[in-house]
Amino acid sequence: MRKIHVVEDEQGVRELLMRYLEHEGYRVFPHASGEGVLEAIVQQGADLIVLDIMLPGIDGLELCRRIRAKHQTPIIFVSARSEEFDRILGIELGGDDYLVKPFSPRELLARIKAIFRRIEQPGAEPGTTQHLDLTLDLAARVARVGAVTMELTNKEFELLKYLIENKGRAFTREQLLTAVWGYSYVGDSRSVDDLVRRIRKKLDGVSAVEVTTVWGYGYRVNA
Ligand code: CA
């Protein structure tokens with residue numbers, strides 16, 4: 001049974017999500033604050049974390065940072081704040097998705113399923129993908145050039161992997177959003193620019209692999 005930790009200080013929301021997700025067959029661990037979440041993840045195990053941003057004590061962004069220091073567990077941020085800043089920061093810190101409150105449990109479930117689907121995708125078994133001097137280690141989820149290891153966030157890794165697996169082909173930002181996030185983020189194609197910018201920064205001076213801008217269209221990694 002998949003284990004989902006729900007970190008949410010609003011009791012009503014927490015209980016609603018808990019009932020809903022349990023009904024869908026998940027084992028749910030509720031947390032009213034960020035306290036003890038790290039320990040609980042280690043002790044109980046976690047397949048996914050639903051993380052509120054505004055929390056008493058340590059907030060969701062800080063908790064995400066701490067979780068990411070040790071774990072690659074998928075994280076879906078939920079927040080009452082719709083600011084672009086939070087979304088970008090959340091994704092930058094390694095969040096996998098972002099939902100603005102109020103949202104329906106059904107919508108959250110769809111996002112959760114999309115993440116689990118991507119993890120279970122046939123052909124996505126650990127191994128390596130190579131291009132020029134770059135090796136993507138699918139098990140460790142890091143990029144390597146010789147002895148140099150580049151730490152990538154989950155989304156950076158997914159985007160680079162997708163472009164390399166489809167090298168020589170140009171994609172629009174919308175196509176990349178769908179490929180990497182698993183559904184369409186209407187009007188949020190800047191997330192892709194942001195990811196590409198960070199990937200380029202990491203590749204720059206380290207690898208011969210380049211993410212090329214296709215003007216008026218999107219991006220491509222040359223074959
Ligand atoms: Ca809250």
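Just follow the structure's listing: the first ligand is 1, and inside any ligand the first atom is 1.
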Under a 4.0 Å N-O cut-off, is there an ion pair linking Arg65 with Glu62? yes

Pair Asp96 + Arg111, salt bridge at N-O below 4.0 Å: no

Hey, which protein N/O/S atoms does the Ca ion (ligand 1) have under 3.0 Å? Asp9 OD1, Asp52 OD2, Met54 O

To check you understand the geometry: which heavy-atom pair defines the closest contact between Phe77 and Cys64, and what is its length? CZ-CB, 3.5 Å

Between Glu39 and Gln43, do the side chains contain an N or O donor and an N or O acceptor separated by less than 3.5 Å? no

Taking all non-hydrogen atoms of both residues, which atom of Asp133 and which atom of Ala208 are closest, and how far apart? OD2-N, 3.0 Å

Kindly work out whether a path of hydrophobic side-chain contacts (I/L/V/M/F/W/Y, heavy atoms less than 4.5 Å apart) joins Leu195 to Tyr217. no

